[in-house]
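Here is the structure we will look at, set down as structure tokens.
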Amino acid sequence: MEKQQQSQLQSVYNPKIVEDHWYQFWLENDLFTARENKDKRKNYSIVMPPPNITGSLHIGHALNNTLQDIIIRWKRMQGYNVLWLPGTDHAGIATQNVVEREIAKEGKTRYDLGREEFTKRAWQWREKYGSNILNQLKKMGCSCDWSRLRFTLDEGLSKAVRKVFVTLYQEGLIYRSNYVINWCPRCKTALADIEVEQREENAKLYYVIYPLKESVEETIVVATTRPETMLGDTAIAVNPKDKRYEKYIGKIAILPLVGRELPIVADDYVDPEFGTGAVKITPAHDLNDFELGKRHKLEEINILNDDGTTNQNAGEYINMTALECRKKVLEDLKDKGYLKKVENYKHSIGHCYRCDTVIEPYLSKQWFVKIKDLAKPAIDAVESNETSFIPKRWSKVYFEWMYNIRDWCISRQLWWGHRIPVWYCKDCGEMMVRMEDPSECSKCHSKNIVQDKDVLDTWFSSALWPFSTLGWPEQTPDLEEFYPTSLLVTGFDIIFFWVARMMMMGIKFRGDIPFEKVFINPLIKDIEGKKMSKSKGNVIDPLLMIDQYGADALRMTLAALTIQANYIRLSKDKIETFRNFTNKIWNVSRFSLTHLEEFNPQEVKKENLEFSLFDEWILNQLNQTIKKVSDSLQNFKFSDAAMAIYEFTWNYFCDWYSKELILAKFIS
RNA sequence: GGGCGGGUAGCUCAGUUGGGAGAGCACUGGCUUUACAAGCCAGGGGUCACAGGUUCAAGCCCUGUUCCGCCUACCA
């Protein structure tokens, strides 16, 4: 109180004194906790997109959570039974990388520590830093139900993961297979297709001469962008309709430098127009080659170790990185006259979305989700508007991916995450997929069993978030009340990663959509339209902005900027505009208080009130503003809602109405 | 190759049944007006990318062109 009186003397609003005080007040009075819905009010629920435990609050989180908080508080005001459930994501690769960097400072690798000790360290890390971002959300003023805080590795959520895995396996929707997947040689793990970022780069197309076995005079020339993979070649393919190569089909070519005999096969996959119309086939290092190899029963020769270096199958080219190997292979090809020509060539190269390392297509045994059957009802749900995207156009993006969806590689060669609930008997080879850890082989009763070493893709557990957080697989009251959730607010960059998968899993395991509406919030760029990044030095740190201008100024800015576009541009200037707005409210409040010294609302009798023309006018404006704000929020037009409040407050209330008060005072 | 979004004031952008061209910032001029100079009052500024079409009427609907941005695809 003393503090408040002091600040009342100042003409400049000081949010620091106010904001922490009120957040404390809200917490102490337990105003964010969802209660048992005794009076059967309508429910309104949002599960927060869980930030990674490695993250600290960036401006994107600030926007995303501000918008959720606006909707949540508005619904609370409207009398709904509201739940906003917060939580964090264990973020497999990201967290593992962070912890690896930390132990690297001690000169150790995760292999020095061993799996058990390493995961212990990861847990310690999360205890220490994992809630940083949540405290930062409190600074933002987010009114989440902290009593229901969840983490993807919580016991309950882990149980949900197992339940889903085991069920899908039993239904034949999860399978294990040898397949060419995307391999990050730095993270040393498989990645799903969408975890690979394709970038077009300038490269070379190498034309390599392969002699025929029957007659050294005759040769066949193939074009390749990755000459080093020739060490794993097991065939050459041509199009069956290609007259040029008709006579070679069924003959044998000799792999230069290695001497391996390669059958020349005919396959429709080959485009006669491209390159020379003849393709080298490397089944272990190219997906198309792999599938072609299956059709022609070709040998699969894996020439890479898990760190991307060449293995013993590379013969004399062993223990080189892909680039070193390429260089050496090219030199030797040139020396021996096998390199016909080199052309400049632009094509896209895949990079790891976590560490940007070039991805190697790599043959290995992985777990997959058979996804087409799961996708179908998830497509139907959006087509029938059970779940609708706002803005509408994003449903097209969703459909595009869902119609062309491919099986999802869910195993990761990491240590941090949900371990795959599969055990193998080392004696009889039996495989057991279980909810509970088995103690012996169910077939031969041997105790000599081991659990699958891999963990699940982080997005596998995120896919269950809307119901695992509410207690599933237990049948809880929360699940009953709040599923399906009302709204999801997220960015378009994770429609495939997350939104689509929640749709599939929600429908599969709850028999109902996970959310009724999906509002796709814009992504924030700097004022020049560039992506914010630490290296460019153009980041706007929300915590710094709160410190300088106050959380309300920041939130008002973000709301006012939120139009239904893909991107919005933010600058400090824009935040200052709304800092001025908070200051305006402060000052008009000070002004009003001086006129209300003897005013006691308790003593006012409604029927005795007399309104002047100006009173009527401002009340009319107020009601129109309330309607405008409600209509705008109903349609997720955050900017319109914010600007309506801005206009009413500044133009109508301050510039007109309060001035009339002064005038009236002068006259009387 | 396929798809999507966008080109409105100097800058960032609104503009949802087709009829008024708008906001914030920036700019110009004037204000020690008893809540606020982070403010008040007044003001300048736009061939709504381009070309056609529909209409009494087009920033908005249709067709084409062009320029930017993004997503996606196994052409080695």
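Note on naming: letters A, B, ... go to the chains in the order of the sequence lines (proteins, then strands), and numbering restarts at 1 for each one. Below, each value reflects all heavy atoms present in this structure, side chains not excepted, and no hydrogens, waters or symmetry copies.
Using a 4.0 Å heavy-atom distance criterion, Ser639(A) is classed as making no nucleic acid contact. Residue Lys280(A) is classed as having no contact, given no heavy-atom separation below 4.0 Å to the nucleic acid. At the heavy-atom level, Val222(A) lies nowhere under 4.0 Å from the strands shown. Gly277(A) comes within 4.0 angstrom of a base, heavy atoms only. Within the nucleic acid shown, Tyr567(A) comes within 4.0 Å of sugar-phosphate atoms alone, with no base atom in reach, counting heavy atoms only. Contacts of Leu287(A) with the nucleic acid, taken as non-hydrogen atoms under 4.0 Å apart, are absent. At a threshold of 4.0 angstrom between heavy atoms, the contacts of Val397(A) with the nucleic acid are absent. Among the heavy atoms of the strands lying under 4.0 Å from Arg579(A) is at least one base atom, whether or not backbone atoms are also near.
For the pair Ile194(A) and Glu576(A), both in contact range of RNA chain B, the more 5′-proximal nearest nucleotide belongs to Glu576(A). Annotation: of the two residues near RNA chain B, Trp650(A) and Ala565(A), the 5′-most nearest-nucleotide partner is Ala565(A).
In this structure, the nucleotide among rU72(B), rA35(B), rC75(B) sitting nearest to the side chain of Lys659(A) is rA35(B). Of the candidate nucleotides rU16(B), rC41(B), rU72(B), rU72(B) has the atom lying nearest to any side-chain atom of Phe496(A).
When the side-chain nitrogen and oxygen atoms of Lys392(A) are compared with OP1 and OP2 of rG5(B), none of them lie within a distance under 4.0 Å.
Aromatic ring pairs are classed by plane angle as parallel below 30°, tilted from 30° to 60° and perpendicular above 60°; the pair Tyr345(A) and Phe274(A) is perpendicular.
Residue-to-nucleotide contacts include no donor-acceptor pair under 3.5 Å from the side chain of Lys396(A) to the base of rC4(B).
Taking the ring centroids of Phe614(A) and Tyr657(A), they lie at or beyond the 6.0 Å cut-off.
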